[in-house]
Amino acid sequence: MLKNKIVFITGASSGMGKACAEAFAALGARLIITARRLDRLTELAENLRTHHAIDVLPLALDIQDNIMINQVVDSLPASWKTIDILVNNAGLAHDTKPLQEGSPTDWDTVIDTNFKGLLYVTRAILPSMIARGAGHIINIGSTAGRAYYAGGNVYCATKHAVKAITHCLRIDLAGTPIRVSEVDPGITRSEFNEVRWQDKARADAFYEGFTPLAPEDIARSVVFCAIQPAHVNIAEIMLFPTDQNAPSMVTRKGEMPEAGVLR
Ligand code: NDP
Ligand code: 8X3
């Protein structure tokens, strides 16, 4: 069903984006994998070509940069222009400080990536989907887009914004066959918390005592959205680790359940 479909993935150099690339590759899709770290993408592309005999196009892309996005999309080779599926995955958080202690520079990065970047990439790719009468946009949101937790402030706001855009975009696309889905993961072990805290030891300690989701768990949900028949639009999937009881509540072995604290 996905054989030779063209899938464009943002943030494919790590975590969920990389796992999505691997999952789509296993189904024979053709992949445009993007992120800022081209060296990682090049290595991933080689692995995917070797193991799945598929076409892969690795491209350096900073989704904060709207000019770069348009240049990249406009200069795609003819055989790569007909993007069937866009996975808006790239995103990050900086810090879990209360807002009154937060860094406006960090806020800009988080807003420019998670929210504006997703808008820019969608704006660049969607018109060609509409023109061809085919396409599927899958946004990676978060349980942080459905709730609020201590220190979540700007990150939560960007993921709530992603949810609003997912809903509004489906309305904007009324009368077209383009589908819009959102996958909202709970805590997933990736480089996310290392980026968030700039402290690998703290990130590693965070995952102790419970079993987080793996990036592959999220990729399965993304693929599930993508493999439905054309008349089925999976609007949203939310998934938690079994040890996460609410967006702000993780139960670690030997500890009392703790709500409202992300540490
Ligand atoms: P990782 O840090 O492992 O991966 C993040 C990816 O985003 C990297 O490939 C990174 O690539 C890319 N990225 C970051 N900034 C930019 C940018 N400006 N332009 C292009 N690419 C960028 O984290 P995850 O895999 O966990 O995160 C993927 C998504 O999942 C994010 O949207 C995150 O908010 C969301 N999420 C994460 C959860 C978690 O617990 N981990 C839970 C719920 C949602 P590079 O640095 O090479 O550009
Ligand atoms: C990231 C989820 O709860 O770790 O989207 O901030 S959380």
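Counting convention: from 1, in listed order, for ligands and their atoms alike.
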Note the single closest protein heavy atom to [atom], along with its residue, its atom name and the distance in Å.
atom: atom 14 (C) of ligand 1; result: Arg36 NH2, 3.4 Å
atom: atom 44 (C) of ligand 1; result: Gly141 O, 3.2 Å
atom: atom 34 (O) of ligand 1; result: Tyr155 OH, 2.6 Å
atom: atom 3 (O) of ligand 1; result: Ser14 OG, 2.5 Å
atom: atom 42 (C) of ligand 1; result: Gly186 O, 3.2 Å
atom: atom 24 (P) of ligand 1; result: Ser190 OG, 3.4 Å

| said: Are any of the N/O atoms on Thr143, whether in the backbone or the side chain, positioned under 3.5 angstrom from an N/O atom of ligand 2? | reply: no
| task | Look only at interatomic distance and state if Tyr149 has a nitrogen or oxygen under 3.5 Å from any nitrogen or oxygen of ligand 2. | result |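 Min N/O separation from ligand 2 is below 3.5 Å for Tyr149.
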| Taking the non-hydrogen atoms of Arg196, is any one of them nearer than 4.0 angstrom to ligand 2? |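 Heavy atoms of Arg196 do come under 4.0 Å of ligand 2.
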| query | Quick one: is the NZ or CZ of Arg196 closer than 6.0 Å to the six-membered ring centre of Phe206, and within 45° of its axis? | reply | no
| query | Does Ile130 offer a backbone N or O that forms a donor-acceptor pair with the side chain of Thr176 under 3.5 Å? | reply | no
| message | If we ignore hydrogens and angles and just use 3.5 Å, is the side chain of Asp62 paired with the main-chain N or O of Gln64 as donor and acceptor? | response |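 Checked: pair present.
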| said: With a 4.0 Å cut-off on N to O distance, would you call Asp84 and Arg30 a salt bridge? | reply: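 Salt bridge absent between Asp84 and Arg30.
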| query | Can a salt bridge be assigned to the pair Glu236 and Arg146 using a cut-off of 4.0 Å between side-chain N and carboxylate O? | reply |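 Salt bridge flag = yes for Arg146 with Glu236.
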Can you sort out which atoms of ligand 1 are near [X], meaning under 4.0 Å from one of its heavy atoms?
X: Ser13; result: 8 (C), 9 (O), 10 (C), 11 (O), 45 (P), 47 (O)
X: Gly91; result: 5 (C), 7 (O), 31 (C), 32 (O)
X: Ala90; result: 7 (O), 12 (C), 13 (N), 21 (N), 22 (C), 32 (O)
X: Ile187; result: 40 (O)
X: Pro185; result: 42 (C), 43 (C), 44 (C)
X: Gly15; result: 3 (O), 25 (O)
X: Leu61; result: 19 (N), 20 (C)
X: Asp62; result: 17 (C), 18 (N), 19 (N)

Quick one: [atom1] on [X] to [atom2] on [Y], what's the gap to the nearest 0.5 Å?
X: Glu216; Y: Met16; atom1: CD; atom2: CE; result: 10.5 Å
X: Leu61; Y: Thr10; atom1: CG; atom2: OG1; result: 8.0 Å
X: Phe192; Y: Trp197; atom1: CZ; atom2: CH2; result: 9.0 Å
X: Leu118; Y: Thr158; atom1: CG; atom2: OG1; result: 10.0 Å
X: Met68; Y: Thr34; atom1: CE; atom2: OG1; result: 9.5 Å

| Applying a 4.0 Å heavy-atom criterion (strictly less than), which segment of Lys159 is in contact with ligand 1: side chain, backbone, both, or neither? |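 Lys159 to ligand 1: side-chain contact only, backbone stays beyond 4.0 Å.
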| request: Report the part of Thr113 (side chain from C-beta onward, or backbone N, CA, C, O) that has a heavy atom under 4.0 Å from ligand 1; answer both or neither where that applies. | output: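 It is the side chain that gets close, since no backbone atom is under 4.0 Å.
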Short list, please: which atoms of ligand 2 are under 4.0 Å from a heavy atom of [X]?
X: Tyr155; answer: 1 (C), 5 (O), 6 (O)
X: Ser142; answer: 1 (C), 2 (C), 5 (O)
X: Phe192; answer: 1 (C)

Counting neighbours of [atom1] on [X] that are heavy atoms of other residues, nucleotides or ligands and sit closer than 6.0 Å, is the number greater than 12?
X: Gln228; atom1: CD; result: yes
X: Lys81; atom1: NZ; result: yes
X: Arg49; atom1: CZ; result: yes

Polar contact flag for [X] and ligand 1 (N/O pairs, less than 3.5 Å):
X: Ile63; answer: yes
X: Gly11; answer: yes
X: Ser142; answer: no
X: Met16; answer: yes
X: Thr188; answer: yes

| field | Test item: side-chain donor near acceptor, Asp95 and Ser103, under 3.5 Å | value |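 No donor-acceptor contact under 3.5 Å links the two side chains.
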| said: If we count only N and O atoms by modelled type, under 3.5 Å, do the side chains of Asp217 and Thr188 hold a donor and an acceptor together? | reply: no
| remark: Filtering Val87, Asn139, Asn89 for the heavy atom nearest atom 29 (C) of ligand 1 leaves Asn89
| query | Are Val72 and Ile6 in one and the same hydrophobic cluster, where Ile, Leu, Val, Met, Phe, Trp and Tyr link if side-chain heavy atoms are under 4.5 Å apart? | reply | yes
